[in-house]
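Quick note: numbers below take in every heavy atom, side chains included, and nothing from hydrogens, waters or symmetry partners. Ligands are counted one by one from 1 in listed order, and the atoms in each one are counted from 1 as well.
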Amino acid sequence: MPNAIVVLNAGSSSIKFSLYLHRGETLEPDVVGHIEGLYTGARFVSKAPDGTVKAEKSWPAGFELGHDGALDHLVGHLRSELVDDRLVGIGHRVVHGGQAYTQPVRVDKEVLSQLEAFIPLAPLHQPHNLAPIRRALERAPELPQVACFDTSFHRGQPDVAQMFALPAELREAGIMRYGFHGLSYEYIASVLPDIDSKAAEGRTVVLHLGNGASMCALQAGRSVASTMGFTAVEGLPMGTRSGSLDPGVILYLMDQCGMDARAVEKLIYSQSGLLGVSGFSSDMRVLLASEKLQAKLAVDLFLYRIRRELGSLVAALGGLDAIVFTAGIGENAPAIRSRVCRDAAWLGVEIDEAANAEGRHRISTDASRVAVWVIPTNEELMIARHTRRVLESTEGGHK
Ligand code: ADP
């Protein structure tokens, strides 16, 4: 019997979902959508992959649907969408798998409580990622659920890439560089063999440039280094996150400026990055269109840090065969791609400006020593694939 997998990505105020159907060996998206405003009057929309709206619903302003109410609504809707297919499982995006989870895992009550133990490592995301898992375990314990982590893909990195130079007992206590955006990088690594076999077998740096932005060095498709570390605030400046800071800045803010941990958290997660530097927007489109000096400075700083991190990741790889751009800015901002490539000319990167402006797949010239690609990421499909694999391996097949 054909089967269906739901993929959920639950944040603090919204749940994004998609429904995939098994069709032979492939997984095809059937429905995508979201419920947002979970605590302020929710809005639900469900669409076919071509964008046609299949269902919509709004709750009154101020009504708190919450994560539980949203999940109940979603599961009801998705079951009603299925005619010939059977819902065989839910795959969840979970930001943190700690040191323990190097692979996706089928979640039962025991695993859930282990994942709850990682909440202090990602307090802004982990509780929301876990909320629908808990609800579905209560409501439909027979429905298999699989947690797919943003950290797992990086667990194969060399020890030195995962360490801070702190006393050993702190590493044992979990203070290490985890790296994030792993599902995005894993998806890119999974499609690279069909696009560029040299890059797939060689040394590639992937730039995931969205609201959250990071970079990852791939050696033969495996992560060997990444710019994000203990949290998703390390590395590049992002929409509203500062990226790497001298830790002395934090101490100074706390000692001399009267800021407590919550105030620093707000500063480095929500008030910094492109928004903080420009003073008015975290949106790359707005900044690129602006004449303001501060907007230019924010973009310049973003590019400067990319240039430096690229050098660092290429050093970790010992050379470079390809660059891949992905996520909102990487996929849609030719001006940013052009400048990143021109800054990387010393590495043998030669951009084909016409191909870049037209939004082609390959944007380097034929003569370029380093191939440059634009590849749309697909974390949802990666989660659906993982979920299918875990269910097949734990249940003897769902073909
Ligand atoms: P998230 O991390 O929230 O998933 P996305 O991957 O959707 O983020 O990326 C959002 C970012 O992509 C925003 O900064 C947005 O301005 C930028 N972006 C989207 N389209 C364009 C575009 N055409 N030109 C420049 N930036 C763009």
Side-chain angles (χ1 to χ4, degrees), residues 7-18 32-37 51 92-95 122 124-125 128-129 148 150-151 179-188 206-216 226-228 231-243 268-292 294-303 305-306 324-341 353 356-360 363 374-383:
V7 172
L8 295 183
N9 183 352
S12 58
S13 64
S14 71
I15 300 182
K16 294 184 198 148
F17 65 91
S18 31
V32 290
H34 60 257
I35 302 191
E36 55 186 25
H92 299 266
R93 180 183 194 166
V94 176
V95 67
L124 302 180
H125 295 104
H128 311 301
N129 301 158
C148 303
D150 266 318
T151 49
F180 297 86
H181 286 145
L183 292 158
S184 174
Y185 294 126
E186 192 175 10
Y187 173 77
I188 300 293
V206 185
L207 288 80
H208 177 112
L209 306 178
N211 275 319
S214 73
M215 295 165 65
C216 177
S226 49
T227 58
M228 281 179 171
T231 65
V233 81
E234 200 192 4
L236 301 175
M238 311 177 205
T240 61
R241 287 175 240 164
S242 62
I268 63 176
Y269 278 93
S270 315
Q271 300 173 329
S272 298
L274 297 174
L275 174 66
V277 177
S278 71
F280 70 99
S281 180
S282 64
D283 189 322
M284 186 56 86
R285 277 168 297 206
V286 173
L287 297 177
L288 288 173
S290 169
E291 300 287 323
K292 290 187 186 161
Q294 294 308 309
K296 184 175 167 336
L297 194 59
V299 175
D300 285 350
L301 178 55
F302 183 68
L303 287 160
R305 297 308 314 187
I306 289 175
V324 175
F325 287 95
T326 195
I329 299 170
E331 292 167 28
N332 300 299
I336 298 292
R337 294 194 300 255
S338 171
R339 286 181 62 184
V340 170
C341 290
E353 293 289 1
N356 181 44
E358 284 165 24
R360 278 200 238 136
I363 60 166
V374 180
I375 305 178
T377 194
N378 197 339
E379 290 150 297
E380 291 74 22
L381 178 58
M382 200 66 233
I383 294 169

Top protein contact for atom 14 (O) of ligand 1, by heavy-atom distance: M284 N, 3.3 Å
Min heavy-atom dist G212 to ligand 1 below 4.0 Å: yes
Nearest neighbour in protein (non-hydrogen) for atom 17 (C) of ligand 1: I329 CG1, 3.5 Å
Between S242 and S272, a side-chain donor and acceptor under 3.5 Å: no
Which atom of A10 lies closest to which atom of N129, heavy atoms considered: O-ND2, 2.7 Å
Polar contact flag for L209 and ligand 1 (N/O pairs, less than 3.5 Å): no
Polar contact flag for G210 and ligand 1 (N/O pairs, less than 3.5 Å): no
Shortest protein heavy-atom distance from atom 16 (O) of ligand 1, along with the residue and atom involved: D283 OD1, 2.3 Å
Atoms in ligand 1 flagged as close to A327, the criterion being non-hydrogen separation under 4.0 Å: 6 (O)
Heavy-atom proximity to atom 22 (C) of ligand 1, best of N9, N332, L287: N332
Shortest non-hydrogen contact from V374 toward G330: CG1-O, 3.9 Å
Shortest non-hydrogen separation from L288 to A333 and the atoms involved: CD1-CB, 4.4 Å
Greater than 12 external heavy atoms within 6.0 Å of H125's NE2: no
Parallel, tilted or perpendicular, as decided by the 30° and 60° cut-offs, for the rings of H208 and H181: parallel
Sub-4.5 Å side-chain heavy-atom contact between V286 and F280: yes
Salt-bridge criterion met for D300 and R339 (N-O under 4.0 Å): yes
Protein heavy-atom partner closest to atom 18 (N) of ligand 1 - residue, atom, separation in Å: G328 O, 3.7 Å
Nitrogen or oxygen atoms of A333 and ligand 1 under 3.5 Å apart: no
Heavy-atom proximity to atom 2 (O) of ligand 1, best of N211, L288, T326: N211
Nearest neighbour in protein (non-hydrogen) for atom 27 (C) of ligand 1: R285 CG, 3.7 Å
